[in-house]
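Notes to accompany the following structure.
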Amino acid sequence: MSYLDGLNEKQHEAAIHDKGPILVIAGAGTGKTKVLTTRIANLIDTGKASPYEILAITFTNKAASEMKDRIAKLLQTEVDRMWVGTFHSICVKILRKNIGILGYDQNFTIYDTDDQKNLIKKIIKELAVDTKRFPPNMVKSTISKLKNSEVSPDEYINNNYAFYDKRMIGEIYAKYEKALKSNNSLDFDDLLIKALDCLRMNDEATKYYRDRFKYVLVDEYQDTNNIQYKLVKHLAKRTNEPSNLFVVGDDDQSIYGWRGADISNILNFENDFKNSKLIRLERNYRSTETILNAANAVIKNNATRKGKELYTEDNKGSLIKVLGNNNEKEEAYTIAQTISYESNKIDTNYSDFAVLYRTNSQSRAIEEGLIKLGVPYKIVGGLKFYGRKEIKDIMAYLILLQNPRDDMSFLRIINLPRRKIGPKALSLLQEYANINESSLFEACYNLDEIDLPKAAHKGVVDFLQITELLMVKKDACELSEFITAVYEDSGLKNMFESDETVEGLSRLDNIMEFFSAITDFQEMNTNHSIDDFLAHVSLLADTDKTKNINSDVVTLLTIHSAKGLEFNSVFISGLEDGLFPSIRSNDDDNDDSKLEEERRLFYVAATRAKKNLYLSYAEERMVFGQHRASKISRYLKEIPTEFLDKELEVSSSHASTSSYARAKNYGYKSSELKTTYMDETIHRRKPKVEKKDDTEVFTRDENISLTTGDKVLHKAWGEGTVVSVLQTGDKSKATIAFENKGVKTLIVELAPIKKL
DNA sequence: GCGGAGAAAGTTTTT
DNA sequence: CTTTCTCCGC
């Protein structure tokens with residue numbers, strides 16, 4: 001039974017647990033993933049369950065696929081029939097099968113945060129209320145909170161009838177829900193809520209999943225919300241015996257309260273599931289004693305926690321290094337300089353370093369510093385690839401063809417590219433649709449009854465011609481072929497290609513990347529329907545996409561994205577009150593829960609470090625172009641000085657003056673940084689200051705033809721060798737191996753490449 | 001209906 | 001400081 005080897009006593013006890021509910025409190029770096037995978041492997045290996053009978057829920061898709069891989073490796077068997085995924089992806093699976101019960105079509109569209117916001121904006125406009133009074137973001141989060149607490153619009157309106165603002169939000173909420181339904185769309189919250197509704201309303205469906213899933217496992221249980229908790233409870237319920245529910249989590253790492261996660265789910269587990277077992281993993285295998293003690297000292301200040309203290313048998317290690325700085329530029333410079341210096345040491349790589357920050361906006365200054373010193377880096381997250389406008393435009397066509405009732409997608413593309421259909425024509429269409437309770441797309445089929453301006457009328461007819469043609473291709477083509485057809489026939493291709501500005505070219509790059517992502521998806525998934533692809537795109541987290549191209553680069557990411565990761569050396573930047581903890585966690589006088597969540601966030605950040613931890617702050621920072629002074633973060637002050645390499649107050653003013661002087665004269669124009677980096681775009685050692693000239697000099701081969709073995713030069717990816725050329729329809733696609741970027745499939749006519 | 005100029009808002013964190 | 005919104009002239 002080799003897979004059980006190497007577990008410590010507690011880990012072993014958890015891994016061989018059989019029936020009944022169990023809570024494993026697993027501190028940072030205590031081997032949580034190992035326990036989960038071994039437990040699943042053990043269930044299968046001892047014949048207690050087949051892979052088919054196991055449901056494992058993880059926090060990210062990446063964690064899911066890693067878990068599957070590890071189990072397959074441990075047991076040397078196929079685990080394809082096992083359900084491993086995030087709550088959201090598992091709910092999509094349930095809904096595709098069962099959502100008919102609730103009166104939706106199974107080809108429903110998933111709305112992401114942007115779509116939600118746009119819909120809310122549209123509704124606020126329609127209601128003609130004072131837009132200043134109802135900021136879409138605030139309305140969105142209120143609606144989300146209400147949905148997750150299962151408060152209906154009517155209920156909310158009735159309970160708050162006397163309060164205008166609340167009542168109006170209720171009205172917006174009501175319209176929002178109605179619009180989602182008639183668009184045959186679900187937002188992220190709905191995926192969970194509607195899945196739960198399906199199960200509650202349909203005993204047969206419930207019975208099916210309960211019979212099937214003999215064992216249910218949930219990772220990161222501290223970050224489950226109300227609906228997820230109810231789902232788990234519902235699914236894991238067994239008729240005459242306790243639930244076989246295995247949850248793993250760490251109350252000290254609960255950092256998603258703002259998204260509805262309820263820490264009491266983990267704190268109350270033992271009350272919710274009677275006679276449950278509790279195992280604590282407190283031996284840490286990741287960090288040095290100094291780092292661990294510092295983290296323990298900080299988290300101890302939280303009142304709401306189960307209480308545990310991590311220990312290690314590792315040595316003390318070096319002291320935590322405090323980096324005091326005058327401003328954010330200097331902070332960036334200090335970090336870059338430290339990495340540059342340290343990475344020259346033996347057995348030290350750039351990839352050993354991570355720079356963590358509280359907000360995405362901090363990344364820019366740090367980038368500047370790294371570029372200046374020629375330190376290569378990658379950014380995780382930030383602007384999401386699929387969130388880019390050009391990608392969303394193409395996606396909107398796909399979505400509309402798949403779900404013609406989706407008015408939001410319709411509105412996005414009806415006049416893109418320009419078809420002379422403006423606000424006036426649209427309001428006429430909308431009016432007709434409202435009266436006839438039809439979708440906008442359907443309304444287009446009754447043009448005789450709508451008195452559109454001539455030009456707009458023609459535009460709509462043109463649009464319908466395009467969509468009809470594409471509807472035919474949808475059923476006839478492979479996914480990637482179909483999306484290519486959408487791109488071309490819609491006129492988007494022409495539109496994007498005729499834009500020769502620098503931004504336009506980078507947009508083309510993104511589109512190229514999009515097409516190669518489609519090819520990847522098609523190869524990796526045996527069943528690749530359009531629905532599958534659309535769901536895949538919507539549910540992809542940006543931390544999921546970090547394809548492990550073995551590139552030796554520094555990682556930049558938010559603390560939230562860093563959860564679950566580890567690095568030899570970690571920088572936590574921006575340790576200032578007002579930034580970390582965020583100014584917004586201060587607002588409730590009697591409630592420290594937000595400040596406690598920020599403290600947990602600090603705890604998560606600190607425990608990412610294996611060997612070296614650097615804590616940095618700036619006394620002054622640019623916010624909206626204004627200088628803002630701040631004080632050292634309270635969390636930094638909570639660390640006993642014995643673990644720090646210097647006293648806090650003294651360090652900043654003089655020690656850093658010299659590096660500040662140097663930092664000052666590296667005026668780097670931020671406009672030069674505005675390359676739209678992707679997750680895998682790696683910035684090389686030599687800063688590409690001449691980038692602008694690069695793009696101007698680069699001219700694409702218009703009539704290029706390639707054969708296997710040709711050497712080509714790509715605008716962004718450099719030199720590569722053609723591995724194969726494929727002729728599909730009138731397009732030829734070339735698979736090209738690039739020296740540092742891996743193998744990509746490109747559409748020859750489109751790609752910014754030339755033959756060498 | 002479209003594009004440009006100028007005003008206003010925006011930065012927590014993300015499935 | 002940057003991105004998004006709004007208004008106005010063509």
Side-chain angles (χ1 to χ4, degrees), chain A residues 57-64 85-92 110-114 116-118 121 125 131-132 135-137 140-141 144 148 186-192 220 223-225 227-228 254-261 328 356-365 380-384 387 389 415 417-426 452-456 459 503 535 537-544 557-563 574 578-587 594 597-598 600-602 604-605 621-628 669-671 673-674:
Chain A
I57 300 167
T58 58
F59 196 70
T60 62
N61 294 296
K62 193 182 174 202
T86 61
F87 273 103
H88 296 267
S89 64
I90 277 163
C91 286
V92 169
I110 302 168
Y111 278 8
D112 67 18
T113 321
D114 267 354
Q116 281 181 61
K117 208 169 133 185
N118 289 336
K121 272 191 202 160
K125 219 179 211 169
T131 44
K132 300 246 153 62
N137 274 329
K140 180 168 72 83
S141 73
S144 175
N148 280 307
L186 304 182
D187 64 20
F188 280 128
D189 296 321
D190 279 339
L191 293 179
L192 310 173
E220 308 281 12
D223 286 322
T224 50
N225 67 25
I227 305 291
Q228 291 167 340
S254 166
I255 54 175
Y256 283 91
W258 50 274
R259 208 172 75 185
E328 82 281 354
L356 274 50
Y357 34 80
R358 177 70 244 270
T359 66
N360 280 306
S361 59
Q362 287 167 258
S363 69
R364 173 154 287 174
V380 176
L383 321 112
K384 282 185 205 151
K389 235 200 236 138
N415 202 31
R418 302 258 120 100
R419 294 187 185 91
K420 308 200 168 188
I421 303 165
K424 205 168 189 180
L426 281 176
L452 291 186
K454 258 197 210 114
E503 298 87 54
V537 169
S538 314
L539 299 181
L540 201 69
D542 37 61
T543 40
D544 290 335
L557 73 183
T558 63
I559 300 165
H560 283 89
S561 318
K563 188 167 86 156
L579 181 61
F580 190 10
S582 157
I583 190 113
R584 321 224 334 195
S585 25
N586 263 329
D587 42 19
K594 285 182 179 163
E597 178 153 318
E598 297 278 310
R600 292 193 289 271
L601 203 51
F602 179 84
V604 168
R621 195 173 281 276
M622 277 280 224
V623 181
F624 296 148
Q626 309 254 288
H627 295 279
R628 204 190 62 192
K669 277 212 223 95
S670 53
S671 61
L673 286 172
K674 270 195 56 197

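Order of the sequence lines sets the chain letters (A, B, ...), proteins ahead of strands, with each chain counted from 1.
- Residue-to-nucleotide contacts include no donor-acceptor pair under 3.5 Å from the side chain of A:Thr359 to the base of B:dT11.
- Here A:Trp258 counts as stacked on B:dT13: its ring centre is under 5.5 angstrom from the base ring centre and the planes meet at under 30°.
- A:Thr113 comes within 4.0 angstrom of a base, heavy atoms only.
- Residue A:Asn61 places none of its side-chain N or O atoms closer than 4.0 Å to OP1 or OP2 of B:dT15.
- One finds no side-chain N or O of A:Arg358 lying less than 4.0 angstrom from the OP1 or OP2 phosphate oxygen of B:dT11.
- Put simply, the side chain of A:Asn148 reaches to within 4.5 Å of the side chain of A:Asp189, judged on heavy atoms.
- Take the nearest nucleotide of DNA chain B for A:Thr558 and for A:Ile421: the residue whose nucleotide is more 5' is A:Ile421.
- When the side-chain nitrogen and oxygen atoms of A:Lys563 are compared with OP1 and OP2 of B:dT13, none of them lie within a distance under 4.0 Å.
- Not counting sequence neighbours, the partners of A:Phe59 by the ring pair (Phe, Tyr, Trp, His ring centres under 6.0 Å) test are A:Tyr256.
- Contacts of A:Lys389 with the nucleic acid, taken as non-hydrogen atoms under 4.0 Å apart, are absent.
- A:Asn415 comes within contact range of the sugar-phosphate backbone alone, with a heavy-atom separation under 4.0 Å but no base atom that close.
- Here A:Pro423 lies in heavy-atom contact (under 4.0 Å) with sugar-phosphate atoms only.
- Distances shown here put a side-chain N or O of A:Ser561 below 4.0 Å from the OP1 or OP2 atom of B:dT14.
- A:Asn137 has no side-chain polar atom (N or O) that falls below the 4.0 Å cut-off from OP1 or OP2 of B:dG10.
- For A:Glu220, the salt bridge (Lys or Arg N to Asp or Glu O under 4.0 Å) partners are A:Lys32, A:Lys563, not counting sequence neighbours.
- Looking only at atom types and distance, the side chain of A:Thr558 has a donor-acceptor partner in the side chain of A:Ser561 under 3.5 Å away.
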Are there any protein N/O atoms within less than 3.5 Å of an N/O atom in nucleotides 5-10 of chain C, and if so, which ones and at what distance?
residue: C:dC5; atom: OP1; partner: A:Lys121; partner atom: NZ; Å: 2.8

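- Atom P of B:dT13 sits at a distance of 15 Å from the matching atom of C:dT4, rounded to the whole Å.
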